Structures are given as C-alpha cells and as structure tokens.
Amino acid sequence: MKPPVINFSTLQSAVEITATLAFALSGLLAGARKQLDVVGLCIVAGLSAFGGGTLRDVLLDRRPFFWVEHADWLWALMGLCLAAMLFMRRRHLALTERAIQWPDALGLGLFTANGTLVALDAGMPAIVAVLMGVITATFGGVLRDIVCNEIPAAFHDHRPYALCSFVGAWVLVAAAALGWPQWATISAAAATAVALRGVALWTGWTLPVWRINKR
Amino acid sequence: MKPPVINFSTLQSAVEITATLAFALSGLLAGARKQLDVVGLCIVAGLSAFGGGTLRDVLLDRRPFFWVEHADWLWALMGLCLAAMLFMRRRHLALTERAIQWPDALGLGLFTANGTLVALDAGMPAIVAVLMGVITATFGGVLRDIVCNEIPAAFHDHRPYALCSFVGAWVLVAAAALGWPQWATISAAAATAVALRGVALWTGWTLPVWRINKR
Amino acid sequence: MKPPVINFSTLQSAVEITATLAFALSGLLAGARKQLDVVGLCIVAGLSAFGGGTLRDVLLDRRPFFWVEHADWLWALMGLCLAAMLFMRRRHLALTERAIQWPDALGLGLFTANGTLVALDAGMPAIVAVLMGVITATFGGVLRDIVCNEIPAAFHDHRPYALCSFVGAWVLVAAAALGWPQWATISAAAATAVALRGVALWTGWTLPVWRINKR
C-alpha cells in the first residue's frame, strides 16, 4: 500500500479550508460584537466566507457558485456557528481575533490568486482580472461590514489589506504572461500577498493619510 | 351559468397579492420612520416586496424577474406609495405595524415555499434550495434595512423569523422527496412556516442569547 | 485637409466622460468626508461612476460591463484618485462640491437616456425600462452612500434627483414609441432630465413632505 501523496492541490485544499474558516470566524466575531442572533451569525459568517467569490461569479456570470457545487460547506458553516454559540466564552473573543489574523492573511493571498486566475481564464483584461482578485479576497469582509452597519474596515482602517491583494494579483498576471506553470503563478501571487500582509501586521504599517483628512 | 371555481392557484394568487402588499407596507413604514422622500419610499417599498425574489433569481441566473413579467405590479406599488402619502396619518402608523404582522407571516410562508420550489426545480441540492427559500422570504426585509441604514431586523431582533422560513423550507424539501403533489408540498411548507411564525408572535418567543452577548 | 467633424457621437462621448468624472468626484468627496483610505477612495469613486450601469447590466443579464469593455477607464479612475490625494486641499472641497453639481446633472440626464434605451432594446416593458434608466443614473450614488454608511441622499434629501431622471426616462419611451430617430430621443430625454434638475438646483425646489414626517 502506497502512502497518500501530498501534492500541490491537496496542500491547496488544506490552505483553502483554513482560510475559509478564518474568513467565517471573522464574520462570527463581527456578528458577536453586534449581538446578532443565531440566524444573523450564520448569514454574516457565510457572507464573510463566500461573499467575495460569489460577487465575482455574479459579475463574471459564472455558475455554479462554490457553495452550490460544494454544498457540504454550508453544513460545516452552520455547525461552526452553533459550536461557537455553545462553546465560546467572552475571554475567547480577543484570543480568536488575534489568532485568525494569520489564517486570514493566508486566505487573502489564496483567494486573490484564485480570483485573478478565474478572471484571466474568462478572458478578462489584466486590470479587470486584478480587480476580480481583489474583490474575491476582500468583498466577503466588505459585505460583512455593510450588513453589520459599519463602514467597511478594508476601506477605512488605513491598514494595507486590499493593497496586498492588489500587488499579489499583479504578480499573478505577470507570471501568467511569462508562461509560468499554474502552480508557480498561484504560489508566487499568494506568497507575495501573504508576505506583504504579514509585514504590514508585523510592523503596524499604515497607509499615508490624505492631507484633507489630517486631524 | 357555473359559479366561478376557486381553485388552488386562484387562492394562491390571492394570498400572494396580500403577502406582497404586506411586504411593501413594511417597507413604507420603515421609510416613513426614516423620513424618506417619495422616491425613497417607492424604492424601499419595492425592495421589500420584490428584493428577496430578485436576489434569488440573480443567484440562480433566472430571468425574467417577477416584476418584469408582471410589470403592472410596479404601477400598483407606486399607487400604493402615493396613496399612503396622501391618506396615511400618524395615528395609522402603529395600527398598520400591528395589522401587517399577519399578512407578513403569510408572505413568509408562501415566499419560502415558492423560493424553495424554484430552486429545487433548478436542480439545486437540498441545503441550497432551503437557503434560496429563506433568501426569497427574508432578503426583501434585509435589503430594506440595509438601505435604511439599520442592522437587518431578521439578524438582530432575536425573534424567530428566518428560522420559521428555514423549517418550512425543509418541510417542502421532504415533501417533494416523498413525491407529494405540488399543491400539497407548497401548502404543507407554507402552513408550517406560517404556524411557527404565528406561535412566535403569539407567545413572544425569543431566540436564546449567545452567552458572549449577555448583558 | 478637412477639419475634424464634431458629430453627435463625439459630442456624446465628451459629455459622457465629463459626467462619469463628475460621478467619480462625488464618490471621492463622500470618501474624503468619511476619511476613507486610498483603497476606499478608489472603490467608492468607482462605485459612484460605474455602479448604476453595472447593477442595470446584472439585472438585464448583459455582458460585458462598460468597465470591462473599456478597461482603460479603471486606470483613469485610479489616476484621478491618486491625483486628488496628492493635489487636493481642504479649501478645494467645498469648491468641488459646488462645481460638480452641473456635470452631475449632465450625467443624470445622459445616463438616464442611455439606461432606458438599453432596457427598451432588451425588450423590457416601458415601466421596467424607465426603472432601469433611473437605476443607471442614480444607483451609483445609492451604492456610494450605502458603503459610506449613510441613508442614500437620493431617497432622503427631499430634493428632486431621481424624479428628474424618471420624467426624462418617460420622455425617451414616448419619443421611441413615436418613432423618432435615436439621436433625437436621446437628446430630448437627456435635455428634459438635465433641465428639470437645473431648475431644481436653481430654485431650491423640495419635494412635498409626508404629513407623518412633519416636524
């Protein structure tokens, strides 16, 4: 009997599950802060996890959606929300918030690469493909914040988040134009976005403030 | 001369009109509370009445929308909004709010059944069909609340609303799997959701609060 | 050598560019007021400029979007946002706000005419085509306000904005039904909406207040 082969796509699946989980948890935390009920929690967690990719697919007119093709994930999401309601305590909140920063950065990178690639395959021009990558990676969080009645953090907190995704998406476009194999383009793009986001988290780097807004 | 036959689909149409009206009125009331102008009132009433079904159809990639096929309803909606602006007085507000709870419950049931059935017919897996039923029944109100700059009541007021729709949608999926005739599956699903919502209204039942959010 | 011919469509392009710019600037100003960062500014400016037409195309199931077919505009938009961040000072803000009212009125007229025409060509009934014209002209601003966590000004400020678009759209439907040539229908519709908006700006005309909302 052969040992199971850990190939690139198994690894990618593992990272993707971790990342989607991190996105869903970010929705859970936002919902808890706003004292949503169980229905609101499930919807906001689902929007955070799948909203970006779904919006991209609506814009690109692609079907089926990820969560239609893999409907099991909807069950997993509901299970996660119920488990959180049963087992999570107040002291876990801050801990979770800190702990998900890193899988969230992974998700940012991987969703960027995936979203840009899908748009390139659909024949989009480079700048549109980059925009689709950024939408895939960040609009789950944007929809989460709109439903929670907040200005989206990605537009407002002056920390580089969408910008890391933007740079990573251009790396993918460049690598694809150079004819790199797919695993290499995805890895390079995702790694760039994750590394930039990691540096931003590590150093507390903030975006320059528009002089009009200086306080 | 034969008396007019009241068959299932005539009855269904009557219930549907009543329910759509109740949804539109809930939009009108929300708009009045936010002091919207005549344009805002019409749009918010329209979003409340047709937003859920339209979002479902965008996600399922179905056309034409209900309000394109039956464009007369748009006229009726505008007429309703103008009539409300002319004839409604402040003392009517609380009255209307109480009075629409019951047709609104009817709408919840019927739109759930209809939305779930449409998604099943489009070949969606059970859990996705249920989600589409819930979206059809509740996202009109969610869009209404987002436009009115509120956290959606369906996610926040800790009263069972989407949950009644969720249970009703599963009844439809089960009845369809058992091969019941269509009128029976629709009736059973709608009746379940309406009855649950009625009990919830009657008893003031609230959803359990997540311990993190206990005040 | 012949002088360059200024024909209708060259003129239309010039007006369209001016109008899109005005819409983008309205997004920039709203973003500045909310102290968004550079990413937020670009997205909100883009939503204001292209959101209405994109929503119309999603509802009508039309592809490609304007900003996919003319991807250069995305570069222009980013350039505009960066230039604004570098060169705009606080004292420019009020000036810009006053200065864009007139190109914004142009945009209202032109986008109304264009949106209604596209919907008529897609075989929509008159009232739906009118609604699509209004959505094209006003929902960029609506999405801008939703993202900025405000009740949309078009629904709330009791000034005729969507209403001018509504009347202009009916002019287009009537002219098209009378068999006017396309340049005449577009011109008549756009001129009506622009003129109404101009009069509304000039006279400070406000919509009647619903008695329920009288303060």
Side-chain angles (χ1 to χ4, degrees), chain A residues 54-63 119-120 122-132 134-135 137-139 141-167 169-170 173 200 205-215, chain C residues 27-47 50 54-55 57-78 81-94 96 143-151:
Chain A
T54 302
L55 179 57
R56 177 203 62 203
D57 286 351
V58 166
L59 292 175
L60 292 180
D61 212 3
R62 280 178 86 237
R63 299 289 186 291
L120 276 186
M124 294 290 127
I127 175 84
V128 175
V130 166
L131 186 62
M132 290 295 165
V134 175
I135 286 177
T138 64
F139 265 66
V142 169
L143 293 174
R144 173 199 67 205
D145 293 343
I146 289 177
V147 166
C148 287
N149 204 13
E150 299 274 354
I151 296 182
F155 301 166
H156 192 246
D157 68 355
H158 290 80
R159 284 166 196 291
Y161 187 80
L163 216 56
C164 308
S165 161
F166 186 75
V167 176
W170 278 112
V173 169
W205 179 37
T206 57
L207 296 174
V209 175
W210 193 3
R211 263 166 298 189
I212 285 178
N213 293 334
K214 278 229 179 81
R215 269 147 296 189
Chain C
L28 257 176
L29 294 181
R33 238 175 280 128
K34 291 285 180 178
Q35 316 205 314
L36 300 188
D37 57 31
V38 59
V39 172
L41 280 180
C42 288
I43 300 268
V44 170
L47 267 182
F50 304 127
T54 303
L55 179 57
D57 286 350
V58 166
L59 292 175
L60 292 179
D61 212 3
R62 280 177 87 235
R63 298 291 186 288
F65 296 128
F66 178 83
W67 46 270
V68 170
E69 214 174 345
H70 306 277
D72 301 338
W73 284 66
L74 295 176
W75 286 109
L77 191 89
M78 279 192 288
C81 291
L82 289 179
M85 287 193 79
L86 289 177
F87 299 117
M88 229 174 173
R89 296 291 175 277
R90 187 176 295 276
R91 69 197 143 85
H92 298 151
L93 274 188
T96 312
L143 292 174
R144 173 199 67 205
D145 293 344
I146 289 178
V147 166
C148 288
N149 204 12
E150 299 275 352
I151 297 182

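Small disclaimer: the values here were computed from a predicted structure and weren't measured. We name chains A, B, ... by the order of the sequence lines, and we start the count at 1 in each one.
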>> What I'd like to find out is whether the side chain of C/Leu28 reaches to under 4.5 Å of the side chain of C/Cys81, using heavy atoms alone.
In response: yes
> How far does CD1 of A/Ile146 sit from SG of C/Cys148, to the nearest 0.5 angstrom?
Replying inline: 10.0 Å
> Relative to chain C, which of A/Leu207, A/Asp157, A/Asp61, A/Val58 shows the most heavy atom pairs under 4.5 Å?
Replying inline: A/Asp61
>> For A/Val134, is there any backbone N or O sitting under 3.5 Å from a side-chain donor or acceptor partner on A/Arg56?
In response: no
> If you take all heavy atoms of A/Phe166 and C/Met78, which pair is closest and at what distance?
Replying inline: CZ-SD, 4.0 Å
> Looking at C/Gly46, C/Ala71, C/Cys42, which has the largest count of heavy-atom pairs under 4.5 Å with chain A?
Replying inline: C/Ala71
> Between A/Leu131 and chain C, which part of the residue has a heavy atom less than 4.5 Å away: side chain, backbone, both or neither?
Replying inline: side chain
> What part of A/Leu163 lies closer than 4.5 angstrom to a heavy atom of chain C: side chain, backbone, both or neither?
Replying inline: both
>> With a 4.5 angstrom heavy-atom cut-off, is it the side chain or the backbone of A/Tyr161 that approaches chain C, or both, or neither?
In response: neither
Would you be so kind as to tabulate the donor-acceptor pairs closer than 3.5 Å made by side chains of residues 149-156 of chain A, with sequence neighbours excluded?
| residue | atom | partner | partner atom | Å |
| --- | --- | --- | --- | --- |
| A/Asn149 | ND2 | B/Asn149 | O | 3.2 |
| A/Glu150 | OE2 | A/Lys34 | NZ | 2.8 |
| A/His156 | NE2 | C/Lys34 | O | 3.2 |

> Which answer fits A/Asp145, side chain, backbone, both or neither, if we ask what part of it has an atom under 4.5 Å from a heavy atom of chain C?
Replying inline: neither
> For A/Pro160, is it the side chain, the backbone, both or neither that has a heavy atom under 4.5 Å from a heavy atom of chain C?
Replying inline: neither
>> Does the plane of the ring in C/His70 sit parallel, tilted or perpendicular to the ring in C/Phe66? Use 30° and 60° as the thresholds.
In response: tilted
